[in-house]
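The figures here come from the full heavy-atom set of this structure, side chains too, leaving out hydrogens, waters and symmetry mates. Here is how names work: the chains are called A, B, and so on, in the same order as the sequence lines, proteins then strands, and each is numbered from 1. Note that the structure is predicted; figures quoted are calculated from it, not measured.
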Amino acid sequence: MAVVNMLEAINHTLHAEMARDERVMVFGEDVALNGGVFRATEGLLDAYGAQRVVDTPLAEGVIAGTAVGLAAAGMVPVPEIQFLGFSYQAFHQIAGQIARLRYRTRGRFEVPITIRSPFGGGVRTPELHSESLEAQYANIPGLKIVLPASAADAKGLLATAIRDPNPVLFLEPLRGYRMIKDEMPDGEHLVPFGRARTVAEGADVVVIAWSFQVELARRAAAQLADEGVSVRVLDLRTLVPLDVASIVEAVEACGRVVVVQEAPLTNGFASEIIATINDEAFYSLEAPIQRVSGYDTPYPVGMLEDHFVPDVERIVAGIRRAVEVEA
Amino acid sequence: MAVVNMLEAINHTLHAEMARDERVMVFGEDVALNGGVFRATEGLLDAYGAQRVVDTPLAEGVIAGTAVGLAAAGMVPVPEIQFLGFSYQAFHQIAGQIARLRYRTRGRFEVPITIRSPFGGGVRTPELHSESLEAQYANIPGLKIVLPASAADAKGLLATAIRDPNPVLFLEPLRGYRMIKDEMPDGEHLVPFGRARTVAEGADVVVIAWSFQVELARRAAAQLADEGVSVRVLDLRTLVPLDVASIVEAVEACGRVVVVQEAPLTNGFASEIIATINDEAFYSLEAPIQRVSGYDTPYPVGMLEDHFVPDVERIVAGIRRAVEVEA
Amino acid sequence: MTDLADDIVQAMFTDMLGARLFSQRVFNLQRQGRAGTNAPVDGSEALVVGAAFALDPATDWVLPQYRELVGLERFGADVLDRYVLYSIGHPEGGHIPEPTRVWPPQISLATQVPHAVGLAWGMRAQGEPGCVLVFLGDGSTSEGDFYEACNFAGVLDAPVIVMVVNNGWAISTPVSTQTRAKNFAEKSHAFGIPGVTVDGTDAIAVHDAVADARSRAVAGAGPTLIEAVTYRLGPHTTADDPTRYVPPEQLDAAADPIEVMRAEVQRRGIWSEQWEEEVLATADARMERAVVAAESHPLDPTEMFDHVFDEPTPRLARQRGAFAERVVASTGEGSH
Amino acid sequence: MTDLADDIVQAMFTDMLGARLFSQRVFNLQRQGRAGTNAPVDGSEALVVGAAFALDPATDWVLPQYRELVGLERFGADVLDRYVLYSIGHPEGGHIPEPTRVWPPQISLATQVPHAVGLAWGMRAQGEPGCVLVFLGDGSTSEGDFYEACNFAGVLDAPVIVMVVNNGWAISTPVSTQTRAKNFAEKSHAFGIPGVTVDGTDAIAVHDAVADARSRAVAGAGPTLIEAVTYRLGPHTTADDPTRYVPPEQLDAAADPIEVMRAEVQRRGIWSEQWEEEVLATADARMERAVVAAESHPLDPTEMFDHVFDEPTPRLARQRGAFAERVVASTGEGSH
Ligand SMILES: Cc1ncc(C[n+]2csc(CCOP(=O)(O)OP(=O)(O)O)c2C)c(N)n1
Ligand SMILES: Cc1ncc(C[n+]2csc(CCOP(=O)(O)OP(=O)(O)O)c2C)c(N)n1
Ligand SMILES: [Mg+2]
Ligand SMILES: [Mg+2]
């Protein structure tokens with residue numbers, strides 16, 4: 001067990017999976033010669049060669065679209081979209097084709113595609129480099145949506161994604177690439193989809209989060225512990241499939257809920273969490289569920305982004321709102 | 001006041017708006033010579049000429065993208081995307097550019113674009129012609145989302161959309177084009193955005209819907225009236241802006257809620273309605289909110305689609321579930 | 001130009017006659033309310049069959065748009081059988097079983113071109129011998145996918161043949177509205193790949209052009225763009241009224257691929273009225289079987305939930321369960 | 001080729017020297033933590049300034065990618081002032097005020113090409129006299145938007161000039177990976193519009209090519225594709241390490257547009273060391289003012305909620321209200 005950051009965990013796992021299965025191909029913009037603009041694909045070209053690690057022309061639509069054909073040919077495509085905001089250029093292939101090929105062909109064609117893409121704000125990137133778009137993909141049947149919040153999970157979930165015969169959108173938190181460091185299990189390490197992770201135990205209120213917001217929620221919980229508020233933190237890990245059982249169990253145990261997302265408020269995935277709790281644990285709720293969220297504005301420029309993204313302070317405030325109310 | 005169907009109302013309004021404001025331009029695939037594949041733009045070419053009514057090459061991305069430039073030049077673009085499923089090809093321009101231009105330029109450029117597009121199932125169209133994608137757009141700040149459910153509203157909301165200086169996604173229910181007929185007010189008729197419409201009065205339960213599902217909800221309400229269940233039906237008309245006040249008022253009055261959508265369940269706009277009610281009217285809820293929805297599968301082919309789309313029977317069942325539970 | 005043997009030419013004409021007949025039958029099924037919207041092949045018979053006969057069904061793949069499937073009998077009976085199933089709205093219509101190397105219809109225009117390039121790329125990565133041919137229409141060439149895919153194919157030297165079916169129209173939109181390019185073969189300059197224009201009403205000419213492109217592709221010499229020029233002889237689809245926009249004189253002037261090929265078969269002295277009648281009778285019977293099979297193909301409504309993923313998510317399994325209960329309970333089911 | 005007057009040539013060289021200096025200053029601001037990621041102009045000075053001087057700032061529009069804004073001083077002081085503001089992450093940096101006819105940087109590559117075509121289309125619809133010039137990089141030509149837009153521009157005969165800045169690289173990706181096309185001018189065949197390749201290190205050559213294209217555009221003769229060939233002399237951006245992939249010999253062999261233009265100015269006998277020093281001193285002072293102005297430009301955090309729509313929706317107004325309370329309340333505000 002070595003302590004590594006998420007980027008190292010992802011790079012390590014890409015190496016391991018390419019070594020394990022020669023059908024795995026990594027391709028995208030600047031992933032080969034340059035090892036990726038964040039070095040996530042560093043060393044793959046040297047280790048596995050130009051046939052399996054490929055710099056593509058600058059066109060997200062055809063990066064996603066060729067993945068469909070590669071999959072049909074029996075390869076295991078792991079394309080990278082350099083920043084999730086540019087997956088918009090590939091939306092017609094991801095939502096319209098990748099997510100449906102198995103369904104349209106009744107299983108004649110498998111689609112073991114893992115689309116890797118960094119996303120999320122707080123690191124002063126230019127426009128369209130920071131958008132949290134998971135909710136826009138969550139309404140598209142046929143796509144699995146995976147968002148690791150730790151280096152260990154980055155390894156375990158990425159390995160599972162690459163081996164999954166279904167399309168997976170694997171979203172990597174820009175802010176966590178180097179900031180998030182933890183112990184990465186050696187050797188084979190697979191984290192199953194649809195199993196949330198309890199990051200902090202607590203009984204008064206549960207904070208439900210994913211990706212980098214889990215780290216913020218953890219800090220908020222620690223801060224409130226000193227005040228005697230017992231905060232549970234649940235890391236969903238995957239939005240599709242969704243671990244409804246763990247959500248229900250946490251809601252039944254705590255009765256009060258906060259959901260954190262960086263995406264804009266309206267119809268973010270927090271809305272689905274709340275709707276799911278309404279369906280499954282309505283009678284356990286002792287107070288309205290609190291959303292701590294980005295705002296209904298486009299992701300703002302550098303001087304404003306710290307005001308847009310949820311921070312520990314806002315999560316703490318959300319938790320206070322949730323626990324204050326009398327049952 | 002003449003009784004017309006939605007298609008006639010839309011065609012009538014396009015004529016009226018082009019006559020009112022010579023900056024209005026209609027363009028897209030087959031909208032000029034052919035008057036649109038559903039005849040929504042019938043007669044515009046003859047009436048307003050080839051400079052203002054334009055058949056474009058077959059490319060949704062550039063249809064949306066040129067609208068941005070036309071707007072900057074001072075025109076009022078009313079592009080048509082032939083079927084909403086093909087707006088995926090323009091997603092990078094709609095979500096990435098149209099929705100943000102005003103924000104990015106701090107108002108230097110206005111974006112008075114109204115994108116018209118038919119959507120929704122139940123009429124045996126080929127693949128990707130029936131998808132309900134409103135939820136995927138609802139998480140994109142800067143877009144207004146308008147979905148008329150009557151011919152009168154088709155006129156009043158389309159006129160408002162074209163005159164609105166902001167980008168509007170104007171979604172027309174395929175199934176309602178000819179089936180929905182009602183009295184269309186003569187002359188100037190503007191329906192403001194963000195004002196829901198009470199389609200049926202009722203006190204036991206409120207059914208919240210938009211677009212064609214309003215018609216189904218109305219029928220379900222009528223059916224249950226005979227059994228003495230008093231069902232209110234609320235037509236949201238616009239999802240962005242959302243008429244929260246009317247939703248809250250209805251929830252407070254009825255205590256029980258059903259939300260109907262044709263889109264897949266997970267993170268459909270029904271989730272946002274439920275989240276909004278959680279925020280604003282939590283203590284008025286006497287039972288869990290019921291979702292009547294499409295399923296988490298791609299929109300299926302013809303022989304299966306009637307099983308996918310909500311029908312009166314399923315809405316009635318949803319209402320029964322909502323009212324059965326003891327408060 | 002290769003000199004095709006008489007029996008090959010007869011076989012090609014046979015498939016062309018079949019294509020038109022099959023297409024007309026599917027068109028009529030829609031008129032009778034037994035099938036959904038569909039797009040007749042009329043005008044494309046020669047280019048589809050000509051291409052099919054230049055390919056090797058054992059090693060090569062065909063990715064159609066939607067108009068071409070009735071002409072791909074050479075790739076296996078499943079192609080037509082599943083196309084009929086597809087046309088009546090049965091989910092299994094999208095499933096053309098192994099080992100048939102034909103993809104189902106693509107409705108989202110031009111999205112199949114990147115798929116074809118990826119498939120060709122993957123075949124080469126796997127050391128497979130064949131190539132991929134993808135059809136798209138003149139209108140579809142205006143989509144970014146066509147361009148991005150052809151451009152990438154050039155960079156990859158992918159063994160792919162991109163056939164642009166220039167039938168003059170994209171629904172009501174004429175080619176003059178799609179592009180100012182001299183012709184569609186010219187677009188190959190943007191990709192640095194060879195481009196040729198061929199008479200799409202002449203099956204043998206198309207065959208030869210595809211055969212050339214194929215030998216280049218499998219020899220590792222990269223992709224070819226082929227423009228096959230024809231004229232759409234029917235409506236765009238069952239939902240279209242071409243009299244609103246097609247100039248009658250253009251339609252009258254258009255060559256009919258069936259007549260062109262019949263003349264060739266007659267020139268070779270291998271045609272007789274009786275022979276053509278037998279071909280049509282055989283095709284008619286074959287289509288009749290396909291329709292009967294399709295209309296009696298079982299369908300359990302719960303299949304709606306299959307194949308979203310290899311294994312349903314818990315949420316999907318629950319939706320399926322609730323649906324199954326409701327459907328079994330519901331008496332009005334049959335009417336659905 | 002037009003014979004440009006000496007004072008024009010001097011003015012062009014002045015703006016080129018300014019462009020490089022401004023760009024270096026913004027680059028350094030990032031190094032000092034005072035600006036965000038930015039892309040140096042080095043290598044593009046001649047093509048930007050050459051183009052700018054062939055256009056009429058009163059009637060013509062320029063849509064840049066992101067590397068070109070420092071060279072557009074001729075279009076108004078606001079361009080640089082707002083670019084500096086943009087670079088330090090101030091929202092008003094995206095607002096280049098009226099009447100300056102330059103758009104802010106475009107990050108989503110090639111999306112500006114459809115905008116330019118639409119703008120040109122709209123200008124003609126309004127009977128306006130000018131034209132539109134849009135810049136995009138060699139890598140950006142691989143995007144569908146470039147192709148869809150140029151193709152539509154051809155159909156529309158839109159008064160637009162599409163300038164492909166071929167600087168050899170798209171981050172670490174060389175042109176050979178972007179396309180097999182002989183060159184980028186060749187791509188014009190796909191659109192049926194004129195295409196020319198010009199030496200992008202020669203400001204006068206670029207000026208002449210753009211001047212030709214402009215006269216065609218305003219005369220109603222339609223769009224032109226211009227490939228300006230140069231070499232990226234610096235890193236892709238402040239975040240890039242080109243030593244990982246740029247072959248040193250290529251970099252050494254590359255012509256420096258500043259030197260090319262200095263030689264021309266010298267050939268004309270209108271250069272002196274002192275003159276150039278004065279030009280640089282003036283540019284330096286001008287940039288200093290821009291930086292001071294930018295860094296002292298006020299910003300109220302609640303501006304984050306402005307301009308989403310012309311009027312905020314009730315939901316947005318509420319979010320703004322809650323935010324304003326929190327920000328006022330919060331003491332840690334300054335640290336944000
Ligand atoms: C991406 C996309 N946009 C629009 C449509 C609607 N549509 C269906 S067929 C068609 C015309 C296609 O013309 P062409 O590519 O020339 O093929 P043809 O029908 O002539 O064979 C259009 C616009 C679609 N199916 N997909
Ligand atoms: C649609 C999109 N995809 C990817 C990126 C990430 N990216 C930023 S700059 C760049 C390279 C651009 O190269 P080129 O177009 O040649 O312009 P240059 O930087 O050389 O001037 C890439 C891939 C982006 N900004 N937008
Ligand atoms: Mg066509
Ligand atoms: Mg470049």
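Partners of B/Glu29 by side chain to side chain donor-acceptor pair (under 3.5 Å), not counting sequence neighbours: none found. For A/Glu280, the salt bridge (charged side-chain N to carboxylate O under 4.0 Å, His left out) partners at least two apart in sequence or on another chain are C/Arg318.
Within the structure, the salt bridge (Lys or Arg N to Asp or Glu O under 4.0 Å) test picks out the following pairs touching residues 240-249 of chain A (sequence neighbours left out): A/Arg232-A/Glu249.
Scanning residues 136-146 of chain B against chain A with a 4.5 Å non-hydrogen threshold yields B/Gln136, B/Ala138, B/Asn139, B/Ile140, B/Pro141, sorted by number.
Ranked by non-hydrogen atom pairs under 4.5 Å with chain A, the options B/Pro300, B/Ser271, B/Ala95 are led by B/Ser271. Taking A/Leu285, A/Val301, A/Ile277 one by one and counting their heavy-atom pairs under 4.5 Å with chain B, the maximum is reached by A/Leu285. With chain B as the partner, the residue from A/Ile289, A/Asp296, A/Val240 showing the most heavy-atom pairs under 4.5 Å is A/Ile289. The candidate with the highest count of non-hydrogen atom pairs below 4.5 Å against chain B, out of A/Phe282, A/Tyr283, A/Tyr295, is A/Phe282. For chain B, the option among A/Ala90, A/Gly61, A/Ala135, A/Ser87 with the highest count of heavy-atom pairs below 4.5 Å is A/Ala135.
Put simply, the residue from B/Phe119, B/Phe86, B/Tyr299 that forms a ring-ring contact (aromatic ring centres under 6.0 Å, His included) with B/His129 is B/Phe86.
Considering every non-hydrogen atom in both B/Gly318 and B/Val258, the closest pair reads O-CG2, 3.7 Å. Contact between B/Glu262 and B/Gln213 at its shortest, heavy atoms only, is OE1-NE2, 2.9 Å. The two residues A/Glu134 and A/Ala263 make their nearest non-hydrogen contact at OE2-CB, 4.2 Å. The two residues B/Ile94 and B/Ala64 have their closest heavy-atom pair at CG1-CB, 4.1 Å.
Proximity to chain A is limited to the side chain of B/Gln97, based on heavy atoms less than 4.5 angstrom apart. Using a 4.5 Å cut-off between heavy atoms, B/Tyr103 contacts chain A through its side chain alone, with no backbone atom that close. With a 4.5 Å cut-off on non-hydrogen atoms, B/Glu131 touches chain A through its side chain but not through its backbone. Heavy atoms closer than 4.5 Å to chain A are found in the side chain of B/Glu127, but not in its backbone.
Taking the charged nitrogens against the carboxylate oxygens, A/Arg256 and A/Asp204 have no contact shorter than 4.0 Å, which rules out a salt bridge. The pair A/Asp306-A/Arg124 counts as a salt bridge, with a side-chain nitrogen and a carboxylate oxygen less than 4.0 angstrom apart.
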